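One structure below.
Note that the coordinates shown come from a computational prediction; the quantities given were computed from them, not determined experimentally. As a basis for the values below, the full set of heavy atoms in this structure was taken, side chains included, without hydrogen atoms, waters or symmetry mates.
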Amino acid sequence: MKYVGIDVHKKMCQAAVLDEDGELLDQIRFLNEKKEIKDFAMKLLTFRDDVKAVVESTGNLWIQIHDILEEFGIDVALSNPGKTRLIAEAKNKTDKVDAKILARLLRADMLFTCYVPGEEIRNRREFLRHRLNLVKMRTMVKNRIHSLLDKHTLKSPYNPWTKKWVAWLREQDLGFMDNAIIKGQLAILETFNEQIRVMEDKIAALAVDDPQVKLLMTMPGIGYFTASLLVAEIGDINRFSNDKKISSWAGLAPRISQSGEKTRIGRVGRGNKRVAALMVQSAHNARLHDARFQRAYKRVSRRGGKGKAIVAVAHEMIRIVYFMLRDNAPYRGQNVELTLRKLKNMEGRASIGLRI
């Protein structure tokens with residue numbers, strides 16, 4: 001068996017090859033380009049032995065290397081940089097050292113790896129995350145507009161971002177420079193609104209024939225976008241052994257500190273920020289439409305406040321999502337009428353998304 005550690009950069013990659021005894025056989029440097037990666041894969045096949053490789057997870061730079069090595073039949077894993085601390089803490093930090101450490105961790109079976117979904121799931125993730133990025137950028141524009149209104153101590157009689165509110169804003173005289181800024185920000189806002197509408201229609205078109213998306217939509221608070229993102233981010237539900245694992249992955253499980261007879265439950269841990277944020281948003285809506293979530297919210301809010309209560313509801317929801325996907329079963333307490341309305345809305349948006 002040969003063990004290969006690959007340190008990835010935008011232009012150049014460094015690989016270290018170890019034998020079964022941990023001896024360094026070769027160090028290979030190659031460009032992060034298809035032809036050079038294929039040549040590198042061919043070199044690995046000349047060892048006339050089974051080869052295991054690990055690629056450093058760096059942005060999206062690892063994808064091409066991982067996929068090409070898999071095409072050549074090489075067993076390749078993706079390292080988790082957050083947990084592979086030996087590299088970050090190494091005194092002599094060079095590409096050669098990083099690659100060698102990766103190979104040694106792989107050989108010792110001490111490597112923390114990431115789940116690698118298929119190409120289709122990766123593409124869906126990127127597509128859905130683009131919508132999230134558009135919303136974030138739109139929020140930044142809205143914050144700039146609010147900042148200018150605060151500067152001039154202006155308060156509208158209308159609800160923010162409605163047509164009447166925007167019309168009222170256009171009528172305000174904020175001076176030559178601030179008028180120009182407001183006009184520009186409103187134009188950018190209109191562009192973002194249109195792009196988000198188009199993306200949501202396209203997402204509905206992708207989701208309308210997905211049985212897992214429809215399954216998750218039976219839970220109150222979860223619409224077609226949240227369901228689509230959950231399906232894409234989770235990937236294979238069987239990679240989680242239980243509901244506690246998925247809640248920890250999502251960053252919604254509270255941290256538990258135990259010392260002797262004392263047990264302290266603290267804040268939620270780190271996890272998938274996208275999933276956590278969407279589940280919290282969904283929890284606000286779910287508690288208004290479902291008795292189970294209403295009870296959970298009231299119980300926690302009495303002793304911990306509204307913030308902790310809504311996170312507790314989100315935590316309960318992601319655990320239920322696990323069982324729904326694992327057992328391919330709809331939400332037990334679903335409101336059929338509400339589910340049908342959500343499905344009808346998705347179908348309507350999908351019909352637009354297929355045309356544009």
Side-chain angles (χ1 to χ4, degrees), residues 1-10 13-20 22 24 28 30 32 37 40-41 44-45 47 49-90 93 95-126 129 230-251 253 269-276 318 322 325-326:
M1 178 69 72
K2 301 298 184 292
Y3 302 93
V4 183
I6 306 167
D7 184 62
V8 181
H9 292 280
K10 189 171 184 178
C13 302
Q14 179 71 42
V17 184
L18 305 182
D19 64 14
E20 288 187 348
L24 182 65
I28 306 169
F30 59 95
N32 194 355
I37 298 169
F40 168 68
L44 297 182
L45 294 179
F47 285 111
D49 202 349
D50 290 336
V51 176
K52 278 189 175 182
V54 57
V55 184
E56 180 189 30
S57 176
T58 306
N60 288 326
L61 299 176
W62 60 270
I63 294 175
Q64 185 171 234
I65 299 171
H66 178 278
D67 289 354
I68 290 175
L69 292 182
E70 270 199 341
E71 288 175 10
F72 277 78
I74 296 170
D75 184 3
V76 55
L78 181 67
S79 74
N80 186 324
K83 294 182 178 179
T84 309
R85 294 181 180 177
L86 286 175
I87 294 175
E89 295 174 359
K93 185 166 171 53
D95 294 347
K96 289 184 178 181
V97 170
D98 288 356
K100 199 183 300 182
I101 291 174
L102 281 171
R104 286 174 177 169
L105 290 173
L106 178 64
R107 174 180 169 271
D109 196 22
M110 295 176 61
L111 195 70
F112 288 96
T113 58
C114 301
Y115 164 69
V116 182
E119 185 178 0
E120 173 64 21
I121 293 294
R122 293 204 301 265
N123 289 337
R124 286 198 175 219
R125 282 183 179 180
E126 188 175 356
R129 289 172 182 177
L230 281 171
V231 170
E233 294 288 338
I234 291 170
D236 182 7
I237 192 63
N238 294 314
R239 69 191 179 101
F240 301 102
S241 57
N242 55 52
D243 56 317
K244 292 180 181 179
K245 294 289 186 182
I246 197 171
S247 61
S248 178
W249 164 82
R270 296 179 180 178
N272 189 312
K273 293 181 180 179
R274 300 178 188 89
V275 171
I318 194 66
Y322 169 79
L325 291 175
R326 188 196 68 176

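- Residue Val55 forms a side-chain contact (heavy atoms from CB on, under 4.5 Å) with just one option from Val76, Asp7, Val116, Ile63, and that option is Val76.
- Distance check: Tyr115 OH to Trp249 CH2 gives 10.0 Å after rounding to the nearest 0.5 Å.
- Remark: Arg124 engages Glu120 in a side chain to side chain donor-acceptor pair (under 3.5 Å) (not counting sequence neighbours).
- Atom OG1 of residue Thr58 and atom NE2 of residue His9 lie 7.0 Å apart, to the nearest 0.5 angstrom.
- Under the 4.5 Å side-chain criterion, counting only non-hydrogen atoms from C-beta, Leu44 is in contact with Val17.
- A pairwise comparison of heavy atoms in Ala250 and Ala276 identifies O-CB, 3.2 Å as the closest pair.
- Between Phe40 and Val4 the shortest side-chain heavy-atom distance falls below 4.5 Å.
- With hydrogens and angles ignored, the 3.5 Å screen pairs no side-chain donor or acceptor of Ser248 with any backbone N or O of Lys245.
- Atom NZ of Lys2 is separated from atom CG of Asp50 by 9.0 Å, given to the nearest 0.5 angstrom.
- Counting all heavy atoms, side chain and backbone alike, Arg107 lies closest to Glu20 at NE-O, 2.8 Å.
- Inter-residue side-chain proximity for Ile6 and Phe30 is flagged as met; some heavy-atom pair is nearer than 4.5 Å.
- Listed here is the closest heavy atom pair of Arg122 and Trp62: CD-CH2, 4.1 Å.
- In this structure, CG on Asp75 lies 8.0 Å from CG on Leu106, to the nearest 0.5 angstrom.
- Taking every heavy atom of both residues into account, Asn32 and Lys10 meet most closely at CB-O, 3.6 Å.
- Smallest separation of non-hydrogen atoms from Ala41 and Ile74: O-CD1, 4.1 Å.
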Set out, in order, the CA-CA distance, both residues' side-chain angles and the distance that settles side-chain contact (heavy atoms from CB on, under 4.5 Å) for Leu69 and Val51, then state yes or no.
CA-CA 10 Å; Leu69 292 182; Val51 176; over 6 Å; no
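- Distance CG/Asp95 to CD/Glu56: 8.5 Å, rounded to 0.5 Å.
- The shortest heavy-atom contact between Ala103 and Ala16 is CB-O, 3.9 Å.
- No more than 12 heavy atoms of other residues, nucleotides or ligands shown are found within 6.0 angstrom of CD on Glu126.
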Are Leu325 and Leu230 close enough, and set up right, to give a side-chain contact (heavy atoms from CB on, under 4.5 Å), and what steps lead you there?
CA-CA 10 Å; Leu325 291 175; Leu230 281 171; 6.0 Å; no
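- In terms of modelled atom types and a separation under 3.5 Å, the side chain of Arg326 and the main chain of Asn238 share no donor-acceptor contact.
- Shown here are the side chain to side chain donor-acceptor pair (under 3.5 Å) partners of Gln14, two or more places apart in sequence or in another chain: Arg29.
- Distance check: Leu78 CG to Leu111 CG gives 9.0 Å after rounding to the nearest 0.5 Å.
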